[in-house]
Amino acid sequence: MNTLNTTVTSEAEQPEESTIPVQEERPAETKIDEGKTVGQPFSEDPKFKLRNVEVFYGQDRAIKNISLDIGRNEVIAFIGPSGCGKSTFLRCLNRMNDSIDICRVKGSLQLDDHDIYDPKRDVVELRARVGMVFQKPNPFPKSIYDNVAYGPRIHGLANRKSDLDEIVENSLRKAGLWDEVKDRLDATATGMSGGQQQRLCIARAIAVSPEVVLMDEPCSALDPIATAKIEELIAELSESYTIVIVTHSMQQAARVSHRTAYFHLGHLVEVNETNKVFTSPKHQLTESYITGRFG
Amino acid sequence: MNTLNTTVTSEAEQPEESTIPVQEERPAETKIDEGKTVGQPFSEDPKFKLRNVEVFYGQDRAIKNISLDIGRNEVIAFIGPSGCGKSTFLRCLNRMNDSIDICRVKGSLQLDDHDIYDPKRDVVELRARVGMVFQKPNPFPKSIYDNVAYGPRIHGLANRKSDLDEIVENSLRKAGLWDEVKDRLDATATGMSGGQQQRLCIARAIAVSPEVVLMDEPCSALDPIATAKIEELIAELSESYTIVIVTHSMQQAARVSHRTAYFHLGHLVEVNETNKVFTSPKHQLTESYITGRFG
Amino acid sequence: MQPANLMLLVIVCIAVAYGLGYARSRSLAMPMGGIRHLKSLPFYYGARAALWCGIPALIVLALWAAFQGKVIQLLVIGSLPPELVPEGEGRASLLLSQISNVASGALPPGFVEAPVAEAAERLKSLRAQSRLYMTVLVVAVAVLAGFLGWLRIRPTLNARSQVETTLKWIFFACAALAILTTVGIVFSVAFETIRFFQKISFFEFFFGTQWSPQTALRADQVAAEGAFGMVPLFTGTLLISAIAMVVAVPVGLLSAIYLSEYANKRVRGIFKPLLEMLAGIPTVVYGFFAALTVAPFISDFAASFGIDASSQSALAAGGVMGIMIIPFVSSLSDDVINAVPQNLRDGSLALGATQSETMKKVIFPAALPGIMGGVLLAVSRAIGETMIVVMAAGLAANLTANPLESVTTVTVQIVTLLTGDQEFDSAKTLAAFALGAMLFVATLLLNVLALKIVRKYREQYD
Amino acid sequence: RDTISIVGSSTVYPFATVVAERFGANSDFPTPKLESTGSGGGLKLFCQGVGTQHPDITNASRRMKPSEFDLCQSNGVKDITEFRIGSDGIVIASSKEAENLEITLEQLFLALGKEVPNPKNENELVANPYKKWSDIDSSLPNKPIRVMGPPPTSGTRDSFNELALQGGCEDLPAVANMSEDDMESVCQSIREDGAFIEAGENDNLIVQKLIGDTDMYGVFGYSFLEENADRLQAATLNGMVPTAEAIAADEYPVARSLFFYVKKAHVGVVPGIAEYVAEFTSPGAMGPNGYLKSVGLIVPPRDALMQLQDKAENMPNLAKDELM
Amino acid sequence: MTDQRTQAEIVRQSLKRRYRKERRFRAYGMAAIAIALGALVILFADIIGKGHTAFVKTTITLDVNIDGEAMYLDDASDARQMKMADFVEPLVRALMQEIPDAGPSDRDDVRDLINPYAGNQLREALKNNPDLLNTTQTMTFLAHTDVDVYVKHAGDEAYSIKLNEQQQAWVDQLYERGVIDTSFNDVFFSGGDSRDPSRAGILGAVVGSLLTMVVTLALSFPIGVAAAIYLEEFAPQNKLTDFIEVNINNLAAVPSIIFGLLGLAVFINLFGMPRSVPVVGGLVLTLMTLPTIIISSRAAIKSVPPSIREAAEGIGASKMQVVLHHVLPLAMPGMLTGSIIGMAQALGETAPLLLIGMVAFIVDVPDGFFDSATVLPVQVFLWAGSPELAFIERASAAIMVLLTFLIGMNALAIWLRKRLERRW
Ligand SMILES: Nc1ncnc2c1ncn2[C@@H]1O[C@H](COP(=O)(O)OP(=O)(O)OP(=O)(O)O)[C@@H](O)[C@H]1O
Ligand SMILES: Nc1ncnc2c1ncn2[C@@H]1O[C@H](COP(=O)(O)OP(=O)(O)OP(=O)(O)O)[C@@H](O)[C@H]1O
Ligand SMILES: [Mg+2]
Ligand SMILES: [Mg+2]
Ligand SMILES: O=P([O-])([O-])[O-]
């Protein structure tokens with residue numbers, strides 16, 4: 001295993017009048033050992049058990065030997081500079097990478113002790129269990145009702161129309177959208193505001209009663225008010241779901257997550273309880289990142 | 001004039017373990033009065049005198065009654081969450097908004113006491129005086145020399161080749177690029193690195209000896225080292241030019257500007273000396289923003 | 001039953017099979033506590049049953065419909081008295097045509113020999129029988145297969161993946177069909193071309209300056225020995241294309257510039273479709289216009305200056321062709337100009353350049369490769385254009401660069417060569433294929449080149 | 001197939017279309033389908049064999065050649081009936097605005113032959129040196145030689161070669177003592193240097209092109225001249241102007257007969273062939289006041305018409321001897 | 001500062017010259033558009049100018065004494081007699097009565113005013129109602145083409161009048177009296193081709209076009225769309241797919257006449273299919289339009305944003321469900337517009353059809369896919385090649401009809417695109 005010595009190149013030029021406060025004690029780690037992660041990457045009751053995960057795009061290794069546990073009903077945030085592999089790693093968890101031809105995944109990924117990448121595994125069922133919400137709200141150009149009902153329909157979750165109505169209502173309620181849209185379920189979803197659309201996408205994801213919800217920068221296209229609503233929602237959902245959220249905003253990670261994982265150039269550099277990561281990062285790269293020295 | 005009471009809705013849910021330090025004294029202002037700006041929006045020797053500016057995109061009011069002075073040889077930074085109207089406002093200053101069909105500008109905008117939006121005003125001449133540098137470096141697909149010479153040529157600033165050579169050399173020197181490119185002035189500009197391209201764009205802008213340089217997120221497409229170079233350059237240029245810079249990075253604003261203006265949803269919420277804005281913001285919205293509670 | 005009606009019946013069967021499959025899967029699911037315990041949705045069980053029912057039935061129907069004619073013919077001919085049994089395929093087709101004409105009433109039965117009239121009767125009854133058998137068989141197959149499919153419905157059956165796999169194969173078959181036919185057909189033209197080059201030397205064809213392909217039809221006829229030099233055709237084609245481009249490029253380009261840079265949205269919304277209308281007008285209409293209006297006008301006009309202009313001058317054909325091509329140039333240039341990133345435009349405008357300066361000094365040079373690609377595409381269009389030149393250009397293979405003279409083109413000659421004699425046994429008819437192949441290759445090369453340029457140019461900004 | 005399929009001569013085409021249309025309108029049979037392929041092309045298609053994919057009737061503006069007869073026979077087209085439907089003259093026409101030609105057959109040969117006697121030594125053959133009509137004789141127009149004529153699939157071309165060119169060449173001293181075959185090949189070879197332009201099987205096209213181009217002369221059948229009499233004029237050949245009378249009386253030097261050939265194996269199989277032939281040969285069509293006359297056919301004399309009608313009834317076989 | 005001042009001065013001075021250039025450049029652009037649109041207007045004006053008269057026919061209305069004796073007919077229900085009867089005679093007599101100054105020697109001249117097929121009309125009438133024999137009926141017939149030309153174009157330089165002076169005088173007279181009249185030319189829309197311009201119509205060609213288009217549409221749309229779906233969604237990304245892509249792109253730009261060559265070589269000579277029939281025409285045009293449809297369908301599929309795909313996949317929809325539930329409905333407008341434009345091209349296409357025998361003289365309106373037929377653009381071509389100006393008039397009118405169809409189709413495509421266009 002080769003060792004990679006990455007130092008923060010911009011450090012030298014960093015202007016003196018930086019206003020973000022700096023930790024008193026300097027972090028111990030300064031280099032990246034491939035496969036080694038600072039902090040607490042493992043958990044006792046893991047929902048996902050991910051070991052030595054590597055992801056290749058053609059020849060490029062986008063994820064470099066990452067091992068991580070994601071606990072049950074935990075909210076874990078992935079942070080890191082752009083292009084560091086957060087999305088790639090996230091999309092392994094429900095095999096959304098399958099549709100990219102050149103993408104290959106290596107290592108062992110288990111959901112409740114069953115291999116995710118088992119060739120015999122039914123992707124449809126997996127994705128029904130591991131839902132996903134995307135960066136840009138992407139409602140189907142159909143009615144609000146049909147958007148939420150789509151998943152239950154294709155999975156045959158409802159026998160009767162009334163069952164379906166119930167599922168739709170419940171999902172919209174959980175997503176905090178019911179009151180806003182209950183009178184216009186037949187209106188097309190694309191006419192809603194961005195924040196509403198994103199909440200609709202969350203409603204759509206939870207309508208199939210997944211166990212895990214993956215969110216890839218769910219607020220980056222939203223205004224502050226809508227963002228606040230979504231964050232609120234995540235807090236509520238965390239009671240019954242396991243949530244993995246990718247965010248480019250450290251503040252957001254700090255607000256919503258229990259644990260935070262810091263990615264850097266395909267490495268998982270540090271994982272720890274969120275307040276620990278932000279108050280006393282153990283790795284120098286993490287510290288540089290959260291103090292805004294790059295990214 | 002109606003008064004808009006916007007409170008930051010996410011405040012209630014803000015997680016307790018937020019790690020960003022909070023100012024001791026709470027800011028006084030908590031709501032936005034349309035047209036009212038906290039801090040010091042006016043200056044004694046204004047280059048630009050902007051009063052009650054409103055900008056409409058069709059029906060949408062993107063800029064809501066903003067009044068501001070921009071001083072001579074001052075570096076002023078515009079910050080604020082995405083979509084708050086920074087770019088829109090900036091582009092009013094040299095009428096780059098003219099090319100957007102649906103965009104209408106109201107209010108009084110004066111450059112050196114002459115109305116910018118006077119129908120009889122010549123845009124070409126205005127833009128020769130108020131140069132602009134864009135977010136993504138946009139060199140013309142020509143040689144480095146031709147890029148810089150472009151402006152002087154079309155304006156007929158040089159009578160002889162040697163004059164032109166001189167202008168090009170001076171501009172490139174000022175932009176801190178001369179040493180890097182003096183041996184390959186005939187190479188095409190698109191082959192340079194991002195940071196070099198951006199400096200080239202600055203050189204191109206100052207080649208026509210403008211009085212003001214507007215910069216719209218000039219570093220957002222650049223890596224940290226290139227960013228540092230540009231910031232250095234801005235500091236130098238500020239001796240002879242008035243500079244308006246839009247940035248999404250508060251750190252950058254803090255590093256380069258004399259004054260900082262905070263925009264929020266089309267309002268100019270607060271303007272003040274940069275260190276005041278960052279150390280003791282007067283408006284609660286400003287504070288929320290710079291402490292990372294949203295955006 | 002007629003195949004068309006039978007088809008309807010099969011469709012009904014398919015619908016029934018779907019319904020039954022759907023119902024069965026639901027009834028299987030209910031005791032288990034709802035359809036979520038099925039492997040697939042009821043819809044897929046229904047669809048699977050429908051496929052089971054429909055595909056074999058339709059295959060049987062298609063096979064039957066394809067072969068019944070042949071089989072009936074054999075039966076009818078087989079039952080004729082020996083002296084009437086035709087020898088040779090042609091005779092057989094005649095006799096069959098006669099029999100079926102009698103059967104359909106086009107020929108009176110009294111008019112033909114008795115056995116033929118009898119055969120016509122037999123033909124009628126055989127057809128009726130065939131229809132009956134076909135109906136019975138197809139329905140039987142549909143019902144049986146549908147029933148089997150229905151029977152095999154199990155909650156654990158992954159009906160969805162089966163249905164989807166079938167559908168995928170159907171899509172694949174369509175893609176294969178579309179591609180194979182086209183490719184196969186290209187080969188067949190290549191084949192005739194090879195035969196041509198077995199008769200005429202490569203060298204003569206490509207470098208000969210004589211074109212007189214009308215060779216003798218019979219052994220005892222005196223006609224041209226045949227000269228197959230394509231140079232005059234090629235130059236003629238190029239002359240006309242060049243004239244077309246002289247018209248189309250400046251007009252198309254300037255219109256594109258005006259519409260994309262100056263015109264406001266409304267003007268653009270009106271004029272762009274109007275310009276594109278020029279491309280939608282059939283070429284025969286342009287040919288008509290060129291031959292009957294423009295050509296006489298040009299020769300009269302030239303005559304009024306004492307200049308001699310042919311009534312089929314290259315100018316008339318080329319000019320009208322240029323008008324036809326304007327929209328190709330303009331919409332391609334429009335695309336390319338619009339693809340130049342806005343930030344270049346902004347960059348120039350922000351320096352205080354006027355719009356035309358921006359256009360001329362920044363956008364146009366940047367867009368030039370793309371525009372060149374577009375122009376090449378238009379050239380390939382002009383080279384392959386047929387009707388305008390057939391109607392308005394000449395037939396004489398003149399080697400000239402004078403636009404007022406008449407020239408002929410490759411496409412005109414293809415049409416001329418293939419009227420009259422169409423047996424592919426002489427160099428003359430095969431020459432049409434050789435010309436076609438050359439045209440194909442030339443336009444292909446131009447297109448590949450043009451697409452390469454356009455694409456490369458796109459990449460520059462992506 | 002229940003529609004008659006007719007191919008062949010473009011000269012006969014205008015007549016055959018009128019007959020076909022009348023036949024379709026006045027009988028219960030469908031209107032025959034006609035394609036103009038030229039006499040040679042038509043006979044070639046016709047002789048390709050019997051069967052529904054082959055045409056039933058072919059028109060010709062010249063007589064079937066023995067070689068074509070053999071082709072027919074070898075392809076199983078044994079029984080053919082020939083109908084001679086009237087006369088036609090080949091005209092050399094030009095736009096009325098052009099200078100009319102007054103020319104002898106010999107001059108015509110000199111203008112269009114591939115190899116002509118050397119102007120300086122009349123016994124030697126050289127590649128045709130004449131560029132302008134006036135190079136041949138100063139009485140002819142001072143214009144480049146440009147003649148548009150039909151291709152070798154055309155009967156008009158054959159007749160033109162045989163009657164006009166060979167007629168003008170036979171007596172030249174240079175060819176006088178050649179064998180018959182050699183003489184034919186010299187006399188019937190048309191120059192290929194661009195002076196003679198082969199148009200397709202579309203006489204209308206030639207007519208159109210002539211109308212606009214005063215330098216051009218065109219070769220086609222008399223009926224096209226008559227149809228466009230207001231815009232075209234015909235050259236005088238050996239002092240003769242092509243008129244219906246002169247052609248009918250065979251005084252015009254390039255007069256020939258028009259024919260059509262019926263494939264007997266198809267009679268009674270494809271409905272209506274006999275009736276179509278009857279219509280064509282009826283007095284209403286080909287009689288002295290028949291409708292074909294008004295479209296420019298030079299109708300056969302009365303006794304020939306009677307014979308034709310007999311033929312239509314009996315459909316006698318064509319024998320090879322007749323063609324020799 | 002002073003430096004800047006002078007700079008500003010220089011800039012200001014250069015402005016006048018630069019704005020002049022600007023205006024000139026703009027004017028070039030406008031001129032270009034004017035030229036292009038001018039050509040369009042001239043083309044349309046020319047065709048309408050040439051063709052509008054074809055929508056008018058010239059008729060003769062006569063009181064016809066259906067005199068059995070003159071017609072050699074004493075029982076109109078006897079088919080044999082009907083075959084032999086002379087139906088023109090009563091018409092000539094009736095017309096002679098209308099022209100008092102025509103003597104018996106002018107009979108032929110008078111007859112030549114009536115359309116040669118007018119007798120057929122009388123025969124049909126008698127066939128339908130044998131009792132009309134020996135009665136007098138008022139009937140309206142087509143006039144002879146020469147009369148038609150004279151009535152419509154007397155004095156027009158381009159047209160040559162074939163009537164003699166005497167006939168012209170009669171026609172003037174009859175026209176004044178209303179015996180000869182003009183009315184809407186329904187024959188043009190209800191007849192097949194004819195050698196007689198006044199009887200020639202476009203119905204045969206329209207039906208031929210329709211049949212050909214049905215074949216083309218039925219084959220090219222489903223196959224094209226299915227092929228596009230396969231290539232875009234299911235085909236593995238490899239060299240072969242690239243090759244196919246390049247191939248299809250190129251085929252779309254191959255000159256149409258090449259497809260005629262293919263049709264001739266493959267369908268007619270190799271498979272022995274009959275000449276001149278809509279099926280073969282349809283097949284050839286299918287080959288020609290398939291690439292267009294495949295390309296536009298693929299573009300439409302590509303334009304469906306990946307976010308929609310991801311959304312559906314993220315919920316657990318299978319690939320086929322994603323395609324059928326989301327991609328296809330969203331891509332359908334694009335596919336439809338592409339197909340309509342492809343069909344419009346096919347409808348106007350002439351060259352390849354010349355090579356497969358669809359240029360024959362066909363009078364009867366085709367009534368099946370295997371019936372000899374021609375199509376509208378070929379009909380235009382045939383008529384345009386006729387020396388009679390009366391046919392030029394009809395060719396122009398046929399063009400007007402053809403253009404109406406095409407503009408309709410293109411407008412439909414544009415409307416569809418506008419209507420169903422979605423922006424993400
Ligand atoms: N489809 C793809 N094909 C090839 N390379 C890819 C693809 N998607 C991502 N990559 C590469 O993989 C690396 C990780 O990308 P990824 O999108 O996971 O980063 P990220 O951390 O999500 O960044 P961002 O914050 O910008 O979303 C990057 O270098 C990227 O270029
Ligand atoms: N061309 C346009 N047409 C319509 N609305 C526009 C246009 N450009 C900007 N807007 C709207 O105007 C508002 C202000 O946009 P602006 O680009 O000025 O924001 P910004 O502060 O620069 O944001 P960012 O940081 O993302 O660049 C936004 O709501 C935006 O949607
Ligand atoms: Mg990402
Ligand atoms: Mg901006
Ligand atoms: O009459 P032809 O077409 O054979 O000249």
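Side chains included, hydrogens not; waters and symmetry mates left out as well; all remaining heavy atoms used. The shown structure was predicted, so the numbers you read here are calculated from the model rather than taken from an experiment.
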> Of all of B:Lys142, B:Arg153, B:Glu125, B:Met132, which one pairs up most often with chain C through heavy atoms under 4.5 Å apart?
Replying inline: B:Lys142
>> Under a 4.5 Å cutoff for heavy-atom pairs, which residue among C:Ile363, C:Asn264, C:Asp346, C:Thr354 has the most contacts with chain B?
In response: C:Asp346
>> For B:Tyr145, does the six-membered ring have the charged nitrogen or CZ of B:Arg184 within the cation-pi criterion, i.e. under 6.0 angstrom from the centroid and within 45° of the normal?
In response: no
> Can you tell if the side chain of B:Val208 reaches within under 4.5 Å of the side chain of B:Pro152, non-hydrogen atoms only?
Replying inline: yes
>> Keeping B:Lys49 on the side-chain end and B:Asp112 on the backbone end, is there a donor-acceptor pair under 3.5 Å?
In response: no
> Does any heavy atom of chain C fall under 4.5 Å from the side chain of B:Arg95, the backbone, both, or neither of them?
Replying inline: neither
> Under a 4.5 Å heavy-atom cut-off, does chain C meet the side chain of B:Phe140, its backbone, both or neither?
Replying inline: both
> Is the shortest distance from a Lys or Arg side-chain nitrogen in B:Asp146 or C:Lys361 to a carboxylate oxygen in the other one below 4.0 Å?
Replying inline: no
>> Heavy-atom cut-off 4.5 Å, strictly under: side chain, backbone, both or neither for B:Val130 against chain C?
In response: backbone
>> Donor-acceptor check, side chain of C:Glu276 to backbone of C:Pro273, threshold 3.5 angstrom: yes or no?
In response: no
